Structures are given as structure tokens and as C-alpha cells.
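The structure under discussion appears below in the form of C-alpha cells.
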Amino acid sequence: MTAAGSQAQATRTSSAPLYAAGFVTAFGAHSIAAGLGAQSENIGLTLLNLGILLALYDVSEVFLKPVFGALSDRIGAKPVIVGGLAAFAVLSLIGLWAADPLMLALAPLGQGAAASAFSPASSAMVARLARGGKAGTYFGRYGSWKSLGYIIGPLLGAGLIWAGGFALLFGTLSVLAAATALWVLLAVPHLEPLPRQRYTVLDLARQIGERRFLVPTLVLAASTAALGAAVGFLPALATRHGLDAVAGTAAVSLLALGSVLTQPRIGRLRDRHSISDNQGTTAGLLLIASGVALLAVAPGAVTIFIAAAAIGVGVGAATPLGFAHLADTTPPERMGRTMGSAELGRELGDAGGPLLVGGLATLTALPFGLGALAVLIAAASLPRLAPAKPPLPK
């Protein structure tokens, strides 16, 4: 094997545990959300309490991801990833007492806080390992594994709850996180933090407002808004049009499968210069918008699945390109903070998409909510990305 081949193999070996970390956070969030929704009546939750519990995981991430992203720049990404996964494993054990409502609330809150550490740090580590024209390939794989967690999470979570209740689900998540932490500890190299310039609050505000950050983050937020809304409303639309709950779940799975299969291929095409970031993100967002618009204009037994496939492929195209663009245009010494802030944008999109659709549907009708989301996603495709040339450190 050549020296280049050996280096590529070493990078793949080092990045595999990071993909597993992405899977852990996606699997954890979606398995618990699906389990709470399915078991809410059995454990005496009102709709309000259910909504609060579902929000706790995301609330932690919204506030803490930029903080832990900046910490990974200061002390290195690997300690933050290992520490976050270990904390996730320990805090998941709270769920062994899930019969107590307080414990059931504390478990996802703690898990969300822990995921806030290892999620942006993993993204930053992937970006540093993939520098040299491979960001698309590695973020395509990373995103694909997270999407796999979205698919498996609800199904496996339901099976674990059926077999042993919430205690078995939280216990499994604890073991999975602990095993991943050990894998990262043994297989991922420690990359020393790079010297950083001291930044003021004004510097931070200016950097967040720069086109090279703002536009790809807008792409990520728009695609995640569609993903969140589709996962929430596809089953409801299926039921309204004569399909059963299994068909609604199948539509969501089709969406996730489209994302899983598309992301690695789009990432490789990007690294081969067969597709530009602007071309890919624009096409991806317009495909997402067309899928959402189809749900608004002509929902039906067949079009629901066509729309789900379109949204999934569009998300699979836009997501790795958005992250790869950030990786290639961000100075390495502040990669963690940038990835943490970008993931904050995704979390806001994840919450904002369903809220927009649900709010307008309550005031008018569901097609108007979906139509408004489609228009906003199409509008997000208009701003152009900055040239993907790494800037010189200031």
C-alpha cells in the first residue's frame, strides 16, 4: 500500500468512531421521542407534559452546543467527545427510574446536555481529519450515519420498550454511548488545539454575520426545518388520506432512507468537483421545497410517498454540502465554535419548521402551513455561498 493509501486508511479508521457518535445522538433523541409519544397514555402524561418532555433534549442542545464547540477549540475535540459520550452514558442511567416523572424528565435533559458536547466536537474533528479536499466525502458519511439513527431510533426504541420498558431503552443507550466513548478514546488521534486569536463579542457577532457562515447555516436550518415538519406531519397526512399508521411510518422511513443513501454520494461528487456547493445546495433546497409544496397542493396516497422521497433526497444533497462548505471556509482554530453555532442553527430550524406549519395550520389549514414552509425553503436557496477557499487566519 502506498503512503497516500495508508494515510487514507488511517483517516477512515479514525473517523469511523466519530460517525458512531453522530449515530448515538440521533438514535438517542428519536428513540426516546417515539417511545414517549407511544407510551404517553400508559405512563399518565398529558399532552402538555408530553410536549415539555419532548422539548427537553433539544432545549439543552440549543443553549450548550456553541459553548462546547468553543471548548473543543480551546482544549481539543477528542476530550470533549469522550467526556460528552461518557456523560451521556452516565446520565442515561437516570432513565432506569423512568417510572418517576421527575426522573423521566431529568434523563433526556441530561442526555441533551451531554450530546451538546460530543455532537459539535465530532463535526469539528471530522472537519480537521478531512482537510485536503475530502470534506464532502467525510461529512456525507457522517450525515448518513446520523440519518440511520433517525430511521432505527423509533423502531428499535419501540422494540426495547416493548421488551423491557423505558429502563431497557435507557440502559441500551448507556451501553452504546460508553462503548462509543471507548472506541473514540482508542481509535481517534488527539489533535492539539491550534493557537487562537482572542476574540471580542463584536468579533464574534461579525463572524456569525459573514456570508461564509450565514449562508451554509441557513441551508442547514432550512433543510432541517423541512425534515422536522415532514417527520411530524407525514403520518398525520397519511391518516387523513385513508392510509394506516404503518403507511405513515413507512413514508417517514422512505424520507430518511433517501437521505442515508444520498449523502455519501453527494459528498464524493463534491470532492471530485463534479458538483459545486452552490449547485448542490440550490438543487437540494428546491427539491425539498417541491416535495413540501406537493404535500400542500396535492396530498394523496401516492404523492405522500413521492414527496417524502423528494424531501429525503433534497436533505441528503444539501446537508453534507453545507457542512463541508463550513469546514473548508472556517479557520481550523475556531472550527469547534463554528460547528457548534451551525448546529444551533439546525436546532432552531428543527423546532421552527414544525411550529410554523402547526401554527399556520391552526389559524387557517394545513396546506397553507406547508405552502408557507415550501416558499421559505425555496427562498433560502437564493443566497449564494462564498467561494470555498479557506481563509487565512487573522
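Since the structure is predicted, the reported quantities are computational estimates derived from the model, not experimental observations.
- Among all heavy-atom pairs drawn from A107 and F170, the shortest one is CB-CE2, 3.7 Å.
- Residues G316 and T262 come closest through the heavy atom pair C-CG2, 3.7 Å.
- In terms of modelled atom types and a separation under 3.5 Å, the side chain of K65 and the main chain of S341 share no donor-acceptor contact.
- Put simply, the side chain of S144 never gets that close to the backbone of G140: no donor and acceptor are under 3.5 Å apart.
- Closest approach of P17 to V184, counting heavy atoms only: CB-CG2, 3.7 Å.
- A 4.5 Å side-chain heavy-atom check between T281 and P216 finds every atom pair outside the cut-off.
- A donor and an acceptor atom, one from each side chain of T137 and R268, are nowhere located under 3.5 Å apart.
- Ring geometry for F323 versus F139: interplanar angle under 30°, hence parallel rather than tilted (30 to 60°).
- Using a 4.0 Å cut-off between charged side-chain N and carboxylate O, D328 and K134 make no salt bridge.
- For the residue pair T282 and R384, a side-chain donor N or O sits within less than 3.5 Å of a side-chain acceptor on the partner.
- Between the side chain of S223 and the main chain of L220, a donor-acceptor pair closer than 3.5 Å is present.
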Can you give me every donor-acceptor pair (side chain of residues 357-377, partner residue at least two apart or in another chain, under 3.5 Å) with its distance?
{"unit_1": "T362", "atom_1": "OG1", "unit_2": "G358", "atom_2": "O", "d": "2.8"}
{"unit_1": "T364", "atom_1": "OG1", "unit_2": "L360", "atom_2": "O", "d": "2.5"}

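- Every residue two or more places apart in sequence or in another chain that forms a side chain to side chain donor-acceptor pair (under 3.5 Å) with S119 is listed here: E343.
- Here the closest heavy-atom approach between residue G349 and residue P354 is recorded as O-CD, 4.2 Å.
- Not counting sequence neighbours, R240 has no partner by the side chain to side chain donor-acceptor pair (under 3.5 Å) test.
- Side chains of S147 and S259: a donor on one and an acceptor on the other come within 3.5 Å.
- Listed here is the closest heavy atom pair of I311 and A230: CD1-CB, 4.2 Å.
- Taking each heavy atom of L321 and G280 in turn, the nearest pair found is CD1-CA, 3.3 Å.
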